[in-house]
Amino acid sequence: ALADWAQQLGIAPRTVSYVSLMLDELVSNIARHAYAGREDGVIEMVARYDGKVLCVHLRDYGPPFDPLKRLPPETGLGIDERDFGGLGVHFVTEMADCLFYRRDGDANEIIFCRFDEHSGASAVRESE
């Protein structure tokens with residue numbers, strides 16, 4: 001659905017690819033960790049595009065978890081030497097041009113944005 005919507009708006013395919021990868025990683029993490037595979041977990045998603053920036057807002061009702069407070073993985077270590085996990089969040093932080101987290105009542109909210117190819121920008125990462 002995201003790809004079809006983005007194509008109708010003329011968003012660069014490369015931008016959509018990055019956003020789709022980030023979305024897949026974050027939704028997988030929510031399903032796996034926040035809801036521990038439960039089938040009744042709710043994930044709300046809203047995507048917005050202003051002609052320059054594609055942003056996705058995710059909301060889940062799992063336990064509080066700020067992915068931006070995780071220490072970056074030790075990517076220089078061998079696979080047998082480093083702790084398991086953390087690479088997906090690391091990739092999202094590297095691919096997103098803007099990345100925000102906040103806890104709103106009983107919900108986790110993460111917003112990530114990618115500037116369309118023709119836009120220049122600096123990365124922003126914040127958590128409340």
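Just so it is clear, the model here is predicted, and its values are computed rather than measured. FYI, side chains are in, hydrogens and waters are out, and symmetry mates aren't considered; it's all heavy atoms of this structure.
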Q: Look at the side chain of Asn108 and the backbone N and O of Pro63, then say whether any donor-acceptor pair between them is shorter than 3.5 Å.
A: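 Yes; at least one donor-acceptor contact below 3.5 Å.
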Q: With a 4.5 Å heavy-atom cut-off, do Val19 and Phe112 have their side chains touching?
A: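 Yes, side chains in contact.
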Q: If you look only at pairs with a residue in residues 22-51, which of them pass as a disulfide (SG to SG under 2.5 Å), with sequence neighbours excluded?
A: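 Disulfide (SG to SG under 2.5 Å) check on residues 22-51 returns no pairs.
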Q: Look at the side chain of Asp116 and the backbone N and O of Leu54, then say whether any donor-acceptor pair between them is shorter than 3.5 Å.
A: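 A pair under 3.5 Å: no.
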Q: Hey, what do you get for CG (Leu9) to CG (Asp4), rounding to the nearest 0.5 Å?
A: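 It comes to 11.0 Å.
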Q: Looking only at non-hydrogen atoms, find the nearest pair between Gly62 and Arg103 and report the distance.
A: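 Closest approach of Gly62 to Arg103: O-NH1, 2.9 Å.
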Q: If every non-hydrogen atom of Phe115 is compared with every non-hydrogen atom of Cys98, which pair is closest and at what distance?
A: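 Closest approach of Phe115 to Cys98: CE1-SG, 3.9 Å.
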Q: How far apart are the closest heavy atoms of Ala3 and Val16, and which atoms are they?
A: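 Smallest interatomic distance, heavy atoms only, reads CA-CG1, 4.1 Å.
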Q: Could you list the residues that satisfy side chain to side chain contact (heavy atoms under 4.5 Å, CB included) with Glu109, not counting sequence neighbours?
A: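 Scan of Glu109 (side chain to side chain contact (heavy atoms under 4.5 Å, CB included), adjacent residues dropped) gives His57, Arg59, Arg102, Asp104.
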Q: Heavy-atom distance under 4.5 Å between the side chains of Ile43 and Leu58, does that happen here?
A: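 SC-SC contact between Ile43 and Leu58 confirmed.
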Q: Compare every heavy atom of Asp50 with every heavy atom of Val53, then report the nearest pair and how far apart it is.
A: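 Smallest heavy-atom distance, with atoms named: N-OD1, 2.8 Å.
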Q: Side-chain contact, heavy-atom cut-off 4.5 Å: Val92 with Pro67?
A: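 A side-chain contact is absent here, since even the closest heavy-atom pair is not under 4.5 Å.
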Q: Got Leu23 and Met45 here, is their nearest side-chain heavy-atom distance under 4.5 Å?
A: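 The answer is yes; the side chains approach within 4.5 Å.
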Q: May I have the step-by-step check of side chain to side chain contact (heavy atoms under 4.5 Å, CB included) for Ile11 and Tyr49, ending in yes or no?
A: CA-CA 9 Å; Ile11 301 171; Tyr49 181 65; 3.5 Å; yes
Q: Which pairs with one or both residues in residues 5-14 pass side chain to side chain donor-acceptor pair (under 3.5 Å), sequence neighbours excluded?
A: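 Passing the test, one end in residues 5-14: Arg14-Tyr18.
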Q: First locate atom NZ of Lys52, then atom CD of Glu117, and finally report the distance between them rounded to the nearest 0.5 Å.
A: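 Interatomic distance, Lys52 NZ to Glu117 CD, rounded to 0.5 Å: 16.0 Å.
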Q: What is the distance from atom OG of Ser17 to atom CE of Met22, rounded to the nearest 0.5 Å?
A: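 If I round to the nearest 0.5 Å, the distance is 10.5 Å.
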Q: With rounding to the nearest 0.5 Å, note down the distance linking NE2 in His33 to CG in Asp60.
A: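 Reported value, rounded in 0.5 Å steps: 12.0 Å.
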Q: Checking Tyr61 side chain against Tyr35 main chain: does a donor-acceptor pair fall under 3.5 Å?
A: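 Absent.
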